Engineer: 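Mind looking over this structure? Questions follow.
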Amino acid sequence: MTHRPFETTVAATTDEYRLDVVTDPEPDNPAAVVYFTAADLDAACRQAQRLLDAVDGPADRYGELYVHDGDGTAVHCDTIHLPA
């Protein structure tokens with residue numbers, strides 16, 4: 001489980017997610033970072049897939065999905081890949 005700082009907070013919600021879009025082998029240097037809210041983890045994964053598809057980049061890009069833990073920390077949830 002990876003813990004990284006969460007750079008934003010949406011008031012009155014803990015259902016805030018961050019998608020780090022990765023376009024090279026080094027996941028610590030994302031090409032884009034997208035913050036969004038979702039009702040639950042399943043909805044967040046679906047939204048992350050759509051966001052990943054919308055970001056320009058190579059065909060083999062993927063996203064690291066994090067959830068805000070309520071204390072300013074991002075907790076890794078899932079790795080989202082574009083369909084082959």
Side-chain angles (χ1 to χ4, degrees):
M1 189 178 313
T2 303
H3 296 279
R4 294 175 58 190
F6 219 81
E7 298 296 328
T8 184
T9 301
V10 176
T13 183
T14 57
D15 299 319
E16 186 177 8
Y17 295 87
R18 184 181 82 209
L19 180 67
D20 293 359
V21 178
V22 181
T23 59
D24 64 29
E26 181 54 52
D28 290 335
N29 296 316
V33 177
V34 182
Y35 293 91
F36 63 97
T37 59
D40 56 32
L41 184 56
D42 288 337
C45 288
R46 289 189 302 274
Q47 180 65 14
Q49 182 69 48
R50 289 188 293 270
L51 290 167
L52 185 61
D53 192 41
V55 172
D56 289 334
D60 63 347
R61 66 190 177 274
Y62 66 95
E64 296 294 345
L65 182 62
Y66 297 88
V67 65
H68 186 266
D69 73 352
D71 291 327
T73 303
V75 179
H76 185 263
C77 294
D78 203 354
T79 300
I80 310 294
H81 294 272
L82 286 177

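Here the structure is a predicted model, which is why all the values come from computation and not from measurement.
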Engineer: Tell me, please, which residues at least two apart from Thr79 pass side-chain hydrogen bond (donor to acceptor under 3.5 Å, both in side chains).
Structural biologist: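 Partners of Thr79 under the side-chain hydrogen bond (donor to acceptor under 3.5 Å, both in side chains) test: Glu64.
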
Engineer: Are Leu19 and Val67 linked, directly or through intermediate hydrophobic residues, by side-chain heavy-atom contacts shorter than 4.5 Å (ILVMFWY only)?
Structural biologist: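 Result: yes, single cluster for both.
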
Engineer: With sequence neighbours excluded, tell me which residues meet side-chain hydrogen bond (donor to acceptor under 3.5 Å, both in side chains) with Gln47.
Structural biologist: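 Residues passing side-chain hydrogen bond (donor to acceptor under 3.5 Å, both in side chains) with Gln47: Arg50.
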
Engineer: Could you tell me whether a side-chain N or O of Arg61 sits under 3.5 Å from a main-chain N or O of Val21, the two making a donor and an acceptor?
Structural biologist: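 Not at all, since once roles are kept as given, no pair shorter than 3.5 Å links the two residues.
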
Engineer: Testing the basics here: between Val22 and Asp24, what is the closest heavy-atom pair and its distance to 0.1 Å?
Structural biologist: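 Closest pair (atom of Val22, atom of Asp24, distance): CG1-O, 3.0 Å.
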
Engineer: Over all heavy atoms of both residues, which pair between His81 and Gln49 is shortest? Give the atoms and the distance, please.
Structural biologist: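 For His81 versus Gln49, the nearest heavy atoms are O-OE1, 3.1 Å.
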
Engineer: Using 30° and 60° as the class limits, which term best fits the ring planes of Tyr66 and His76: parallel, tilted or perpendicular?
Structural biologist: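 Correct class here is perpendicular.
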
Engineer: Just to verify, what does Ala43 make a side-chain contact (heavy atoms from CB on, under 4.5 Å) with, not counting sequence neighbours?
Structural biologist: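 Applying side-chain contact (heavy atoms from CB on, under 4.5 Å) to Ala43 gives Ala38, Asp40, Arg46.
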
Engineer: Quick check for you: to the nearest 0.5 Å, what is the distance between Arg18 atom CZ and Phe36 atom CZ?
Structural biologist: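 Arg18 CZ to Phe36 CZ: 11.0 Å, rounded to 0.5 Å.
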
Engineer: Say you draw a straight line from OH of Tyr17 to OG1 of Thr37; how long is it, rounded to the nearest 0.5 Å?
Structural biologist: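 Taking OH in Tyr17 and OG1 in Thr37, the distance rounds to 9.5 Å.
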
Engineer: Quick one: pull up OG1 in Thr23 and CG in Asp56 and give me the separation to the nearest 0.5 Å.
Structural biologist: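 Result: 11.0 Å between the selected atoms.
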
Engineer: Do you know which of Leu51, Leu52, Asp20 makes side chain to side chain contact (heavy atoms under 4.5 Å, CB included) with Val34?
Structural biologist: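 Between Val34 and the candidates, side chain to side chain contact (heavy atoms under 4.5 Å, CB included) is satisfied uniquely by Leu51.
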
Engineer: Please determine whether residues Val75 and Leu41 belong to a single hydrophobic cluster, defined as Ile, Leu, Val, Met, Phe, Trp and Tyr linked transitively by side-chain heavy-atom distances below 4.5 Å.
Structural biologist: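 Yes, Val75 and Leu41 fall within the same hydrophobic cluster.
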
Engineer: Testing the basics here: between Leu65 and Cys45, what is the closest heavy-atom pair and its distance to 0.1 Å?
Structural biologist: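 Here Leu65 and Cys45 meet closest at CD2-SG, 3.9 Å.
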
Engineer: Would you check, one step at a time, whether the test side chain to side chain contact (heavy atoms under 4.5 Å, CB included) holds for Leu82 with Asp53?
Structural biologist: CA-CA 7 Å; Leu82 286 177; Asp53 192 41; 4.1 Å; yes

